[in-house]
Amino acid sequence: MNSLERFQKRLRGEPVDRPPNFDILMTFAAHYIGYPLASYYHDHRVLVDANLSVLEAFDLDIVQAISDPFREAADFGLEVEFSENNLPVNREPLIVELDDIKRLVPPNPGTGPRMSDRVEAVRLFRERVGGEVPIMGWVEGALAEAADLRSVYLTMTDLVRRADWLEELLEICVNVEIAFARAQVQAGADIIGLGDAVASQISPAMYRRFALPYEQRIFSAVHEMGALTRLHICGNTTRILSDMLESGADIIDLDWMVNMNSAAEKFGDRVSFCGNVDPVAIMMQGTPEKVYEATQRCMTWGGPRSISGAGCEIPDGTPEENFHAQTRALRDIASHN
Amino acid sequence: MDKILEIIYNGILDGDQKAVAQDVQVALDAGLAPDDILKNALVTAMGEVGRRFEAGEYFVPEMLIAARAMQGGLKLLKPRLVQNGVAAIGKVIIGTVAGDLHDIGKNLVGMMLEGGGFEVIDLGADVKPETFVAAVREHRPDIIGLSALLTTTMPKMISTIQALEEAGLRKQAKVMVGGAPVTEEYAKKIGADGFAYDASLAVKVARSLIEQK
């Protein structure tokens, strides 16, 4: 059974040799093949090589074009600082004055340097492991993208103070994200992941107005093209889980703060949950025994459609034996079933 | 509660920065004592903001605009409080550690602490251990607050605590830490005195650290 078959069967709740492992590795993967993080997010060939190396070394079941939040924003014209071994950072928002929105030029995923590099990553994945391993492209949610362009701080105040204006910005963002998602599916993505990090910091009512409708539109465009969708919201999403279900995501990531047992009990087999081992306290700082127990516990709670993974990116410096403990736990689950 | 104090209190809960500043000025002009306005309008309102946040009635956007409104009023009160010799309940130096540019969480904690009656000296983001050391020498705080959002920058909390130890300043102030990847277990491991997982709890932790001093 290859990784794609394992994933497809698991998604339908059918028996598998072991639950698939969808851990997100970025800095770790770059360093694993001896490259600085900057090469990982600047050069799709490094990103692909790094993914394929950790895929093989740690029995993962996915390759992923996720790298940093500023692909679309940089192509919009946001000033982004890159440094050798840190994530890209932005110091000044692109949209400071409300009128700045009128000057926004939506980037094209085929020509924007950073967006097209991700599309190329997906294309190269397809060449190398297409049909064997699920290939995941990645987009920002419209709200997350607005926060990238406007800063989290200003977006938080916009949510309360100028909802109509924010919706204008979200409309621009969602169209860019739909085009970006389509370009990645055309290049060969089996799944489009969508990150909407700020959504865990707002009320359910705000989520339903400013995040969910845009997630639905992006996912609907992806589904129309025959690919699957994965919703990733960092942080504690317990209070918006039932709304997240309405996004149309085929897979919902649960960060480690969410109780996977309660989530699975409440939502049953309506969706496939992915998670949710603590990436820092367990994966990086825990012992192999702790990783083994936590991985098995999550899969027991998650049920027959659940996918294994840490709640968010697994940090650099995580001991290799902890990844092997994860693999052992997943194999043992299957042999005991 | 005096009518004007109630108006200021409600203005903060609504996050109306402009109205709060105007109403604080009205209260001062009417002869109310600055520390009366601080304690009975600003601090009580921010206490209520914290309660609503913990109860899941307020979220980060509401907390942020309430804190900003409170700061608008506090700006007017500060010089008068200093003039009248009214002491804050404690002095806190706060900053995001070296290599980490995330400041939303740290800013929220800073504002909530101010709203809790603390004097807050915000060193900003990407603060090197030696900058913390220099600031502790200069300001002699009761508490040092360290924030980190990235797992890659969490170890800078250790370097900062070590730098304070090497400078012989560690015992002068309590250290509290926080940020998305930081856990209570990690805080204990690195020798911090306090940990808070959100801005509202940070005020309670800071108050208990002051009581321990």
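Within every chain, numbering begins at 1; the chains are lettered A, B, ... in the order of the sequence lines, protein sequences first and strands thereafter. Keep in mind the model is a prediction, meaning the values are calculated, not measured.
Lys128(B) is linked by a side chain to side chain donor-acceptor pair (under 3.5 Å) to nothing, counting only residues two or more places apart in sequence or in another chain. Under the rule for a salt bridge (charged side-chain N to carboxylate O under 4.0 Å, His left out), the partners of Lys78(B) that lie at least two apart in sequence or sit in another chain are Glu114(B). Remark: Val96(A) engages Pro93(A), Asp100(A) in a side-chain contact (heavy atoms from CB on, under 4.5 Å) (not counting sequence neighbours).
Contact of the Phe210(A) side chain with the Pro61(B) side chain is not registered, since no non-hydrogen atoms from C-beta on lie closer than 4.5 Å.
If you measure heavy-atom distances from Val160(A) to chain B, the contacts under 4.5 Å come from the side chain alone. Heavy atoms closer than 4.5 Å to chain A are found in the side chain of Met154(B), but not in its backbone. For chain B, the nearby parts of Ile202(A) are the backbone and the side chain; heavy atoms of each come within less than 4.5 Å.
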Every donor-acceptor pair from chain B to chain A under 3.5 Å, please, each on its own line.
| unit_1 | atom_1 | unit_2 | atom_2 | d |
| --- | --- | --- | --- | --- |
| Asp14(B) | O | Arg161(A) | NH2 | 3.1 |
| Gly15(B) | O | Arg161(A) | NH2 | 2.5 |
| Val60(B) | N | Gln201(A) | O | 3.2 |

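When Leu150(B), Val60(B), Val182(B), Leu108(B) are compared by the number of non-hydrogen pairs under 4.5 Å with chain A, Val60(B) comes out ahead.
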